Amino acid sequence: MGKTILILLDACRFDIGTQNAGFLEHLIDWGKGAKYRVRGELPSMSRPMYETSFTGLPSSVHGITNNQIIRPSCCRNIFSLCRENGLVTAAAAYQWMSELYSRPGRFDPLRDRYQLEGEGNISHGIFYYEDQYPDTHLFGDGEFLRKRYQPDFLLFHSMNIDYWGHQRGSDSPEYAQAVAAVMEHIAQLLPEWQKEGWQVVITADHGMNRLGMHGGPTEEQRTVPLYIFSSKVISGRFEDKEISQLELAPLLCRLLGISLAVGMQVETEIELDPSAPSQRSAVG
C-alpha cells in the first residue's frame, strides 16, 4: 500500500500550467519527479472527465456524457476499489464529486457539505458548491481531512482555474493568476507531504480556450499536465510522450497497491520503476 494524494486542478491546460508551476518544474529539473503531457478524453467537460479519471473508462462506456447527467457512478472507480480493499478515502472537492461518489441525488448545501463519516465510497468528505470557493479554504479543508483521518487516498479538487477561465478566457491575466496561486499552495504543502511519505499526483480534467469554453477536441481544451512524485515511478521529463487520460486510474491503483478493475488500461506508457512493488492484475 502507498498513501496517495491526487490534486485535480479543474481546467488547467498544459501550457499555462507549465508556465506557472515554478516549484514543480524545479523538482522535475532536479530529477525528483516525473512529468507527462496528457491527451484528455472527450468530451472535454468536467463531470464526464471526473468519471473517466476515476474509472479509467471513456465516456461512451461509463455513460456520463455531459455535465447535465446527475447520478452516482455506475462503474467501479478509485473510491469504490479503495473501499473494497479496506482503504480509507477522503476528498476536499466540488459538489459533483459528492453526487458521483459519495451521496446520491442532487447536492443539498445544507445537508451535504460535511460528510465526515460518508455512507458512500468517500469515507470522509468536505464538499463546496461555489465555483469561486477560495483555494486557501480548499487546501485547509483537505489538510484537516489528511491530519484528522490519515486516509490512504486523498483528493484535493480545485475549481478556481475553471472559474476564471469561464469568466475571462484562458488568455487572461486572471486565468494565469489562478494557476499561479494554486501552484504556490502546492509548493507550500508538497515538501511536508513528501517528508511524511505521501505519493502525490497533480493533473487536470480538461483545459480551456480563449473564449472561456471547453468540451471540444482542440489542444487547448483537452491537453493537460501530469506531475507524479512517487518512488514507484521513474523520474524525468516525458512530455514528448503524449499519454492517454485513461492511464490515470490505473496509475492511482498501482500507487495505492490495489488491483486494477476490469476495463482499465493494463499497458502503460508511464515509466514505472521495475524494482518497486506493483499490482497490475485486473479483478472482476
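None of these values were measured; they are calculated from a predicted model.
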Trace of the side chain to side chain contact (heavy atoms under 4.5 Å, CB included) decision for Phe153 with Phe79:
CA-CA 8 Å; Phe153 176 65; Phe79 295 107; 3.7 Å; yes

Checking side-chain hydrogen bond (donor to acceptor under 3.5 Å, both in side chains) for the pair Thr218/Gln221: CA distance, chi angles, key distance, verdict?
CA-CA 5 Å; Thr218 62; Gln221 293 179 81; 2.6 Å; yes

Could you walk me through whether Tyr94 and Tyr129 pass ring-ring contact (aromatic ring centres under 6.0 Å, His included), step by step?
CA-CA 6 Å; Tyr94 190 56; Tyr129 48 91; 9.0 Å; no

Run the side chain to side chain contact (heavy atoms under 4.5 Å, CB included) test on Ile202 and Leu24 for me, step by step, so that the C-alpha distance in whole Å, both residues' side-chain angles and the decisive distance to 0.1 Å come before the verdict.
CA-CA 10 Å; Ile202 303 163; Leu24 299 186; 3.8 Å; yes

For the pair Arg39 and Ile243, evaluate side chain to side chain contact (heavy atoms under 4.5 Å, CB included) and give the outcome as yes or no after the intermediate values.
CA-CA 6 Å; Arg39 185 170 180 79; Ile243 67 171; over 6 Å; no

Chi angles and distances behind the side chain to side chain contact (heavy atoms under 4.5 Å, CB included) call for Gln245, Val38
CA-CA 6 Å; Gln245 194 170 26; Val38 173; 3.9 Å; yes

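A distance of 5.0 Å separates CD in Gln265 from OG in Ser244, rounded to the nearest 0.5 Å. Taking CD1 of Ile122 as the reference point, atom CD of Glu117 lies at 13.5 Å (rounded to 0.5 Å). Rounding to the nearest 0.5 angstrom, the gap separating the CG atom in Leu155 from the CG atom in Leu252 is 9.5 Å. For the atom pair CZ (Arg83) and CD1 (Ile258), the distance works out to 13.0 Å, reported to the nearest 0.5 Å.
You'll find the side chain of Glu84 reaches within 4.5 Å of the side chain of Arg76, heavy atoms only. A heavy-atom distance below 4.5 Å is found between the side chains of Asp10 and Tyr50. The closest side-chain heavy-atom distance from Asp171 to Asn209 is not below 4.5 Å. Arg71 places a side-chain heavy atom less than 4.5 Å from the side chain of Cys74. In this structure, the side chains of Thr268 and Leu251 stay at 4.5 Å or more apart for every pair of heavy atoms. Proximity of Tyr175 to Ser172: side-chain heavy atoms (C-beta onward) are separated by under 4.5 Å at one or more points. A heavy-atom distance below 4.5 Å is found between the side chains of Ser230 and Leu255. Side-chain atoms of Leu256 and Ile78, non-hydrogen and from C-beta on, do get closer than 4.5 Å to each other.
Classification of the Phe54-Tyr101 ring pair by plane angle, with boundaries at 30° and 60°, yields perpendicular.
Residues Arg13 and Ser170 bring a donor and an acceptor atom of their side chains to less than 3.5 Å of each other. Inspection of the Asp141 and Tyr133 side chains reveals an N or O donor paired with an N or O acceptor under 3.5 Å.
A pairwise comparison of heavy atoms in Met183 and Gly17 identifies CE-O, 4.0 Å as the closest pair. Minimum heavy-atom separation, Pro250 to Leu260: CB-CD2, 3.8 Å. The two atoms that bring Ser80 and Cys75 nearest to each other are OG-O, 4.4 Å, heavy atoms only. The minimum heavy-atom distance linking Leu9 with Ala204 is given by the pair O-CB, 3.0 Å. In terms of heavy atoms, Cys12 sits closest to Pro225 at O-CD, 3.4 Å. Shown here for Leu248 and Ser53, the closest heavy-atom pair between the two residues is CD2-CB, 3.7 Å.
Evaluation of the ring-ring contact (aromatic ring centres under 6.0 Å, His included) test over residues 225-273, restricted to residues two or more places apart or in two chains, returns Tyr36-Phe238. Listed by first and then second residue, the salt bridge (charged side-chain N to carboxylate O under 4.0 Å, His left out) pairs that reach into residues 172-198 are Arg146-Glu192, Arg146-Glu196, Arg168-Glu174, sequence neighbours excluded. The list of side-chain hydrogen bond (donor to acceptor under 3.5 Å, both in side chains) pairs with a residue in residues 57-68, not counting sequence neighbours, reads Thr52-His62. Pairs engaging residues 88-103 under the salt bridge (charged side-chain N to carboxylate O under 4.0 Å, His left out) rule: Arg47-Glu99, Arg103-Asp112, Arg103-Glu119 [sequence neighbours left out]. Sorted by first and then second residue, the pairs that involve residues 200-228 and meet salt bridge (charged side-chain N to carboxylate O under 4.0 Å, His left out), not counting sequence neighbours, are Arg37-Glu219.
Scored by the salt bridge (Lys or Arg N to Asp or Glu O under 4.0 Å) test, Lys241 finds Glu271 as partners (sequence neighbours excluded). Under the side-chain contact (heavy atoms from CB on, under 4.5 Å) criterion, Asp135 pairs with Leu138, Phe139, Ser158, Asn160, Val182, His185, not counting sequence neighbours. By the side-chain contact (heavy atoms from CB on, under 4.5 Å) test, Ala181 is found to be paired with no residue, residues two or more places apart in sequence or in another chain being considered. Take Tyr149 and apply the ring pair (Phe, Tyr, Trp, His ring centres under 6.0 Å) test, not counting sequence neighbours, and it matches His124. Checked against salt bridge (Lys or Arg N to Asp or Glu O under 4.0 Å), Glu25 has the following partners two or more places apart in sequence or in another chain: Lys35, Arg237. Listed by chain and number, the residues in a side-chain contact (heavy atoms from CB on, under 4.5 Å) with His166 are Asp162, Met208, His214 (sequence neighbours excluded).
Among the candidates Leu226, Ile5, Val233, Leu8, the single residue satisfying the side-chain contact (heavy atoms from CB on, under 4.5 Å) test with Val201 is Leu226.
At most 12 non-hydrogen atoms from other residues, nucleotides or ligands lie less than 6.0 angstrom from CZ of Arg106.
Separation of the Phe156 and Trp198 ring centroids does not fall under the 6.0 Å cut-off. Aromatic ring centres of Tyr128 and His137: separated by at least 6.0 Å.
In this structure, Leu57 belongs to a hydrophobic cluster whose other members, linked by side-chain heavy atoms under 4.5 Å apart, are Val61.
In the hydrophobic clustering of ILVMFWY residues, with side-chain heavy atoms under 4.5 Å counting as a link, Leu246 and Leu100 come out apart. Tracing side-chain contacts under 4.5 Å through hydrophobic residues (I, L, V, M, F, W, Y), one never reaches Phe14 starting from Val179; they form parts of separate clusters. Linking Ile, Leu, Val, Met, Phe, Trp and Tyr whenever their side-chain heavy atoms come within less than 4.5 Å puts Trp193 and Ile228 in one cluster. Linking ILVMFWY residues whenever their side-chain heavy atoms come closer than 4.5 Å, directly or via other members, leaves Tyr163 and Met213 in distinct clusters. Hydrophobic clustering keeps Met45 apart from Trp164 (ILVMFWY residues linked when any side-chain heavy atoms are closer than 4.5 Å, directly or through intermediates).
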